[in-house]
Amino acid sequence: VSCGAFGSWCCATCRDKIEIVRTGPKDESLDGLVIAGFYHDPILRELIHGVKYDGATEFVMELGHVLRRVKQERTNPWPWAGENAMAIQPVIGSDARIRERGFDQAALIADLVREELVPWAHPVQLLTRTPTYSAQADLDPGPLRTANVHNTFHVASGVEIPSTVLLIDDVYTTGSTMRDAARALRGQGVAKIYGFAMAMGK
Ligand SMILES: [Zn+2]
């Protein structure tokens, strides 16, 4: 990725060029939101894109370096500071996409976030997803995209409902996907919901 230097998937110099989000942003449907970087950043985008569309799961470890920089450079306190128990839930992709790729990139990122940022959180699989008409990335931002994810997520029956959940996604653009996942969880009694995304889209 980027300069092509031998020895790693993305060299330390290129990694350090990735711009880190130091504060915010806000999403009223969540109790706090942390975003690592910007999707318009060419190096971060290539890493995320590589995992998502090219099956380059080895790039996940490069994203781990990005998370360590977030930990060092972030100026705001973590929104979940003060929580002593928290479930961590990936905003799962559609079944068709997961089958096509053989893995769920949100789940890979969730494992990484837990390892690097919240090792005390426990992984859960609360959400199920009804098939969507079209993938979010194929739609322009706006009402169509919002409509596309409305009521997409449901909470699986017979699962224990935690009081606090951290939702993990790769890219946060309009927030509609995360909002719908949060709506499903709140509907089942989850009291506090935080969000984390690897990159902020436009
Ligand atoms: Zn480089």
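Every number for a ligand or one of its atoms is a count from 1 in the order of the listing.
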Are Pro25 and Leu33 close enough that some pair of their side-chain heavy atoms sits under 4.5 Å apart? yes
Aromatic rings His49 and Tyr53: how do their planes relate, parallel, tilted or perpendicular, breaks at 30° and 60°? tilted
For Arg69, which of Glu73, Gln72, His65 qualifies under side chain to side chain donor-acceptor pair (under 3.5 Å)? Glu73
Which of the protein's N, O or S atoms come within less than 2.8 Å of the Zn ion (ligand 1), not counting waters? Cys3 SG, Cys11 SG, Cys14 SG
Could I get the full list of side-chain hydrogen bond (donor to acceptor under 3.5 Å, both in side chains) partners for Gln125, not counting sequence neighbours? Gln89
Asp170 (side chain) donor-acceptor with Met198 (main chain) under 3.5 angstrom: no
Salt-bridge contact Arg114-Asp111 (side-chain N to carboxylate O under 4.0 Å): no
